**Student:** 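Structure provided below as structure tokens; questions to follow.
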2 protein chains.
Amino acid sequence: MSLRHAVLGLLSEGPASGYDLMKLFDVSLSNVWPATQSQLYAELGKLADAGLVDVVAEGPRGRKEYAITEAGLAELRHWISDVEPASVQRSDMLLRVFFLAQLDPEQARQYFRHQAELAAKRLEYMESIRGFVEEGGDNLSVNGRIALEYGLRLGRVQREWAEWAEGQIR
Amino acid sequence: MSLRHAVLGLLSEGPASGYDLMKLFDVSLSNVWPATQSQLYAELGKLADAGLVDVVAEGPRGRKEYAITEAGLAELRHWISDVEPASVQRSDMLLRVFFLAQLDPEQARQYFRHQAELAAKRLEYMESIRGFVEEGGDNLSVNGRIALEYGLRLGRVQREWAEWAEGQIR
DNA sequence: TTTCTCATGTAACAAGTTACATGATTCG
DNA sequence: CGAATCATGTAACTTGTTACATGAGAAA
């Protein structure tokens, strides 16, 4: 049920339309919780049915502006502090590692080299948006920087681990 | 389509029944790719329909033993070396971080403290299975140790990051 | 003989993906 | 006027979760 809370979280910063949320998602949450446009609109409908958000205004082109309700805020806070985050995170990158014996050693080393490169690229990307996010003083930016720091640290261990792993293949 | 390849990967080590695979999953892959029993049996059926595995023996209690086919091995190798792993990994733990402004500062610090503790517990758990996995000389164990090393390094940054983040909340 | 483990499956539902459909308004 | 952008939605499909159903064979 995390998409639901992602939407509630964005709306906790102020009212927005589905279209607004979509764009907001793309520049913020999509790195930790991707969502598609159709998923978003469907979720807004369900959220409204459940009374966690309200349609507070209707604009041109059928635009509907949503705002979080008291019940929605309560649900959001409850989710943040009382619900345990998922303990296992799926990784098809690590899944492949288990089966590397199906490749010959040089290909297996290549796999790790490639993962190291990808991690390096992600690091570069995160460094680049760091300057961009640096400015925002809003809640999302402040906490987004904490999340970004996680990404940076994660990227570094990924790169180092992949380099180490390459050396493990004899 | 990763479950499919997880099953192919396990079968690449030798024939097994759905029941065998289930137990194997629990002690190995479930940490990087959880799957339920019903998912497994369904996938085996689809895999057989697609000609990537064959039923090579039938035993007591309706037991069916599956073996990977040449086509299955080819598909597995192709997936490992030619298909890019997913670039974004969902994290509802990081998602919550974006919305921490909804809690008061002490609660937010508590959140990070709790995450640091969880990371420490996971580290302990991984240290404990490390000795256990240390022995196996089979392919799955050798590469499993490389995956485990990833888990250990990840756990350490998670703990350190959470401790750092706690200090960021003013 | 009763209980445990082995063993496979179905059904209902929730979540996520991909593609398509449609139309209003704004801007150059 | 034509193109870009704004704006919402539906449909088909795949993947994952939860719960239930059933029964054979082994061991106590």
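Predicted model, so just to flag it, every value in this text is computed and none were measured. Here is how names work: the chains are called A, B, and so on, in the same order as the sequence lines, proteins then strands, and each is numbered from 1.
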**Student:** Quick one: which residue pairs count as a ring-ring contact (aromatic ring centres under 6.0 Å, His included) with a foot in residues 71-120 of chain A, not counting sequence neighbours?
**Tutor:**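 As it turns out, the ring-ring contact (aromatic ring centres under 6.0 Å, His included) pairs with a partner in residues 71-120 of chain A, which skip direct neighbours, are A/His5-A/Trp79, A/Phe112-A/Trp161.
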
**Student:** To the nearest Å, give me how far apart CG (B/Leu95) and P (C/dG16) are.
**Tutor:**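 Distance check: B/Leu95 CG to C/dG16 P gives 11 Å.
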
**Student:** Taking any heavy-atom pair under 4.0 Å as a contact, classify B/Arg90: base, sugar-phosphate, or nothing.
**Tutor:**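 Sugar-phosphate, backbone atoms only, no base.
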
**Student:** What about B/Gln37: does its side chain form a donor-acceptor pair under 3.5 Å with the base of C/dT8?
**Tutor:**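 Answer yes: a donor N or O sits under 3.5 Å from an acceptor.
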
**Student:** If you compare every side-chain N and O of B/Lys46 against the phosphate oxygens of D/dT14 (OP1, OP2), does one of them come in below 4.0 Å?
**Tutor:**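 It does not, given that no N or O in the side chain of B/Lys46 lies less than 4.0 Å from OP1 or OP2 of D/dT14.
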
**Student:** By nearest nucleotide on DNA chain D, pick out whichever of A/Pro60 and A/Ala42 is the more 5' one.
**Tutor:**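 In this pair, the answer is A/Pro60.
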
**Student:** Round to a whole Å and report the spacing from CG of A/Leu21 to P of D/dA7.
**Tutor:**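 Checked: the CG to P distance equals 12 Å.
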
**Student:** Check this for me: B/Glu84, atom CD, are more than 12 non-hydrogen atoms of other residues, nucleotides or ligands nearer than 6.0 Å?
**Tutor:**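 Counting other residues, nucleotides and ligands, CD of B/Glu84 exceeds 12 neighbours.
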
**Student:** Quick check on C/dT5: is either OP1 or OP2 less than 4.0 Å from any side-chain nitrogen or oxygen of B/Lys23?
**Tutor:**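 The answer is no; no side-chain N or O of B/Lys23 sits under 4.0 Å from OP1 or OP2.
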
**Student:** Please report the distance, rounded to the nearest Å, between CD in A/Glu43 and P in C/dT17.
**Tutor:**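 To the nearest whole Å, that distance equals 13 Å.
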
**Student:** Do you know which two heavy atoms are closest between A/Pro34 and B/Arg90, and how far apart they sit?
**Tutor:**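 Result for this residue pair: O-NH2, 2.8 Å.
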
**Student:** Check the phosphate of D/dT17 against B/Gln39, side-chain N and O only, distance under 4.0 Å to OP1 or OP2. Yes or no?
**Tutor:**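 Checking D/dT17 against B/Gln39, a side-chain N or O does come within under 4.0 Å of OP1 or OP2.
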
**Student:** Quickly work out the A/Tyr19 OH to C/dT26 P distance and round it to whole Å.
**Tutor:**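 From A/Tyr19 OH to C/dT26 P: 14 Å.
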
**Student:** Using OP1 and OP2 only, check whether a side-chain N or O of A/Arg61 sits under 4.0 Å from C/dT25.
**Tutor:**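 False: A/Arg61 side-chain N/O out of range (4.0 Å or more) of C/dT25 OP1/OP2.
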
**Student:** For residues B/Arg145 and A/Gln168, is any side-chain donor paired with an opposing acceptor at under 3.5 Å?
**Tutor:**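 Looking only at side-chain atoms, A/Gln168 and B/Arg145 do not form any donor-acceptor pair under 3.5 Å.
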
**Student:** In whole angstrom, give the distance that lies between atom CG of B/Leu47 and atom P of C/dG9.
**Tutor:**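 Answer to the nearest Å: 14 Å.
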
**Student:** Does C/dG9 have OP1 or OP2 sitting under 4.0 Å from an N or O in the side chain of B/Tyr41?
**Tutor:**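 Looking at the OP1 and OP2 atoms of C/dG9, neither is under 4.0 Å from any side-chain N or O of B/Tyr41.
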
**Student:** Is B/Met22 touching bases, backbone alone, or none of the nucleic acid, heavy atoms closer than 4.0 Å?
**Tutor:**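 Nothing: the residue B/Met22, judged by heavy atoms under 4.0 Å, touches no strand.
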
**Student:** Roughly, in whole Å, what's the span from CG in B/Asp92 to C1' in C/dA15?
**Tutor:**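 It works out to 14 Å between those atoms.
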
**Student:** Hey, which sits more toward the 5' end of DNA chain C by its nearest nucleotide, A/Met1 or B/Gly18?
**Tutor:**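 It is B/Gly18 whose nearest nucleotide is closer to the 5' end.
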
**Student:** Establish, from distance only, whether the side-chain atoms of B/Ser81 and A/Gln107 form a donor-acceptor pair under 3.5 Å.
**Tutor:**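 No, no side-chain donor-acceptor pair sits under 3.5 Å.
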
**Student:** Calculate the interatomic distance between A/Leu40 atom CG and D/dT10 atom P; express it in whole Å.
**Tutor:**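 After rounding, the gap between these two atoms is 15 Å.
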
**Student:** Kindly say whether, by distance alone, the side chain of B/Ser38 makes a donor-acceptor pair under 3.5 Å with the base of C/dT8?
**Tutor:**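 Checked by distance alone, the answer is no.
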
**Student:** How long is the line joining CG of B/Leu44 and P of C/dT8, in whole Å?
**Tutor:**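 After rounding, the reported distance stands at 8 Å.
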
**Student:** For B/Ser17, which contact category applies under a 4.0 Å heavy-atom criterion: base, sugar-phosphate, or nothing?
**Tutor:**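 The residue B/Ser17 makes sugar-phosphate contact but no base contact.
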
